[in-house]
Protein chains: 2
Amino acid sequence: MAGKYMTHGTKVPEHPLSCVGEDELSDLAELFKMFADSTRIKILYDLTGGEKNVTEICEDLEMNQSAISHQLKLLKTAKLIGCRRSGKQMIYFLADDHVKTILAMGKEHIEE
Amino acid sequence: MAGKYMTHGTKVPEHPLSCVGEDELSDLAELFKMFADSTRIKILYDLTGGEKNVTEICEDLEMNQSAISHQLKLLKTAKLIGCRRSGKQMIYFLADDHVKTILAMGKEHIEE
DNA sequence: CCGACAAATGAACTGATGTTCATATATGAT
DNA sequence: ATCATATATGAACATCAGTTCATTTGTCGG
């Protein structure tokens with residue numbers, strides 16, 4: 001499928017990166033950006049053990065509430081986590097198992 | 001293996017994040033940082049098609065040589081790429097198939 | 001309605017990161 | 001040795017990203 005054809009069947013050399021759209025590359029970078037910070041990785045790992053509210057996450061990571069909330073927002077925007085309200089509390093959870101897979105993948109590479 | 005035991009067999013609640021070392025988390029973040037930039041992702045994708053020298057990469061990405069060299073250095077330090085000299089040129093290549101796997105993984109998540 | 005608690009938000013500060021420009025190093029050809 | 005080409009490197013600059021602090025919003029109990 002790669003490469004367009006000229007009038008007489010000669011293949012036009014396709015740009016080496018044209019197979020992946022510029023937008024897609026950006027999205028990919030954005031996705032990995034979410035995993036590119038210790039705090040966010042810790043949050044994701046923390047949620048691996050099941051859903052938790054903000055205060056619990058703060059305690060687990062030993063970080064202040066504001067910092068955590070800001071990061072939770074980013075993770076939510078990236079659709080890596082979801083949340084629901086339960087009374088005064090906000091319960092966060094991993095959006096899907098893809099997150100676990102990606103973490104495991106990275107971990108595996110490190111232990112090479 | 002999780003949790004230490006007190007004198008009489010009572011389990012001490014283990015810190016929710018203690019299963020993954022602080023250092024390991026940092027390494028993981030460092031790894032993903034490499035994928036968290038469009039330029040670097042483009043370089044990696046470019047090398048997916050086989051080894052290339054610096055000039056070729058510059059042409060493919062349409063970016064100036066210095067910017068590329070700086071990024072190549074980062075990728076090399078992270079051991080995601082390797083290189084060898086061939087005359088005046090420096091040939092870069094993906095360090096292993098792990099890189100491809102991670103890229104594919106991310107791509108897959110995006111197209112969810 | 002009011003006070004207490006949980007979480008979100010915005011502004012400010014700080015440190016990290018990517019690009020550019022100028023220059024240095026390395027290799028091969030003459 | 002000198003020159004041209006290929007790549008690396010360092011400093012400067014501008015932008016971005018994470019944390020903190022102060023404040024606000026939202027929810028429950030009285």
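Residue numbering restarts at 1 for every chain, and letters A, B, ... go by the order of the sequence lines. For clarity, every value in this text was computed on a predicted model and none was experimentally measured.
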What is the separation between atom [atom1] on [X] and atom [atom2] on [N], rounded to the nearest whole Å?
{"X": "A/L74", "N": "D/dT19", "atom1": "CG", "atom2": "P", "answer": "10 Å"}
{"X": "B/N64", "N": "D/dA6", "atom1": "CG", "atom2": "P", "answer": "15 Å"}
{"X": "B/E56", "N": "D/dT7", "atom1": "CD", "atom2": "P", "answer": "9 Å"}
{"X": "B/D37", "N": "D/dA17", "atom1": "CG", "atom2": "P", "answer": "11 Å"}
{"X": "A/M63", "N": "D/dG18", "atom1": "CE", "atom2": "P", "answer": "11 Å"}
{"X": "A/I81", "N": "C/dA7", "atom1": "CD1", "atom2": "C1'", "answer": "13 Å"}
{"X": "A/R85", "N": "C/dA7", "atom1": "CZ", "atom2": "P", "answer": "8 Å"}
{"X": "B/E62", "N": "C/dT20", "atom1": "CD", "atom2": "C1'", "answer": "18 Å"}

For this session: Report yes or no: does B/S69 contribute a side-chain atom to a donor-acceptor pair with the main-chain N or O of B/S66 at less than 3.5 Å?
Result: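 Answer holds: no.
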Of all the choices, [options], which nucleotide is nearest to the side chain of [X] once you look at every atom?
{"X": "B/Q65", "options": "D/dT19, D/dA8, C/dT19", "result": "D/dA8"}
{"X": "B/K88", "options": "D/dA8, C/dT19, C/dG28", "result": "C/dG28"}
{"X": "A/Q71", "options": "C/dT27, D/dT9, D/dG18", "result": "D/dG18"}
{"X": "A/M90", "options": "C/dA6, C/dA8, C/dT9", "result": "C/dA8"}
{"X": "A/H70", "options": "D/dG18, D/dG26, C/dA11", "result": "C/dA11"}
{"X": "B/K73", "options": "D/dA22, C/dT19, D/dT9", "result": "D/dT9"}
{"X": "A/T55", "options": "C/dA6, D/dC21, D/dA17", "result": "C/dA6"}

Problem set entry | Identified side chain to side chain donor-acceptor pair (under 3.5 Å) counterpart of B/Q71 within the set B/R40, B/K42, B/K76 |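 Exactly one option meets the side chain to side chain donor-acceptor pair (under 3.5 Å) with B/Q71, and it is B/R40.
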Problem set entry | For A/N53, the option from A/K88, A/Q89, A/R85 that meets side chain to side chain donor-acceptor pair (under 3.5 Å) |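 For A/N53, the side chain to side chain donor-acceptor pair (under 3.5 Å) check succeeds only for A/Q89.
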Between [X] and [N], is there a contact of a side-chain N or O with OP1 or OP2 at under 4.0 Å?
{"X": "A/Y92", "N": "C/dA8", "value": "yes"}
{"X": "B/T39", "N": "C/dT19", "value": "yes"}
{"X": "A/R40", "N": "D/dG18", "value": "yes"}

Problem set entry | Contact nearer the 5' end of DNA chain C, comparing A/N53 with B/K33 |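 Looking at the nearest nucleotide for each, A/N53 comes out on the 5' side.
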Problem set entry | Heavy-atom side-chain proximity of B/K79 to B/M34 below 4.5 angstrom |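 In short, these two side chains do not touch, never coming nearer than 4.5 Å.
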Exercise. With side chains defined as the heavy atoms from C-beta onward, is the minimum distance between A/I57 and A/L47 less than 4.5 Å?
Worked result: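 They are in contact (side-chain heavy atoms under 4.5 Å apart), so the answer is yes.
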Exercise. Would you call the rings of B/H109 and A/H98 parallel, tilted or perpendicular if under 30° counts as parallel and over 60° as perpendicular?
Worked result: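 Taking A/H98 first and then B/H109, their aromatic rings stand perpendicular (interplane angle over 60°).
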Exercise. Is there a donor N/O on one and an acceptor N/O on the other, under 3.5 Å, for the side chain of B/S69 and the base of D/dT9?
Worked result: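 Per atom types, no contact qualifies.
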For this session: Could you check whether A/Q89 gets within reach of a base, just the sugar-phosphate, or nothing at all, counting any heavy atom under 4.0 Å?
Result: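 If one applies the 4.0 Å heavy-atom cut-off, A/Q89 turns out to touch the sugar-phosphate alone, with no base involved.
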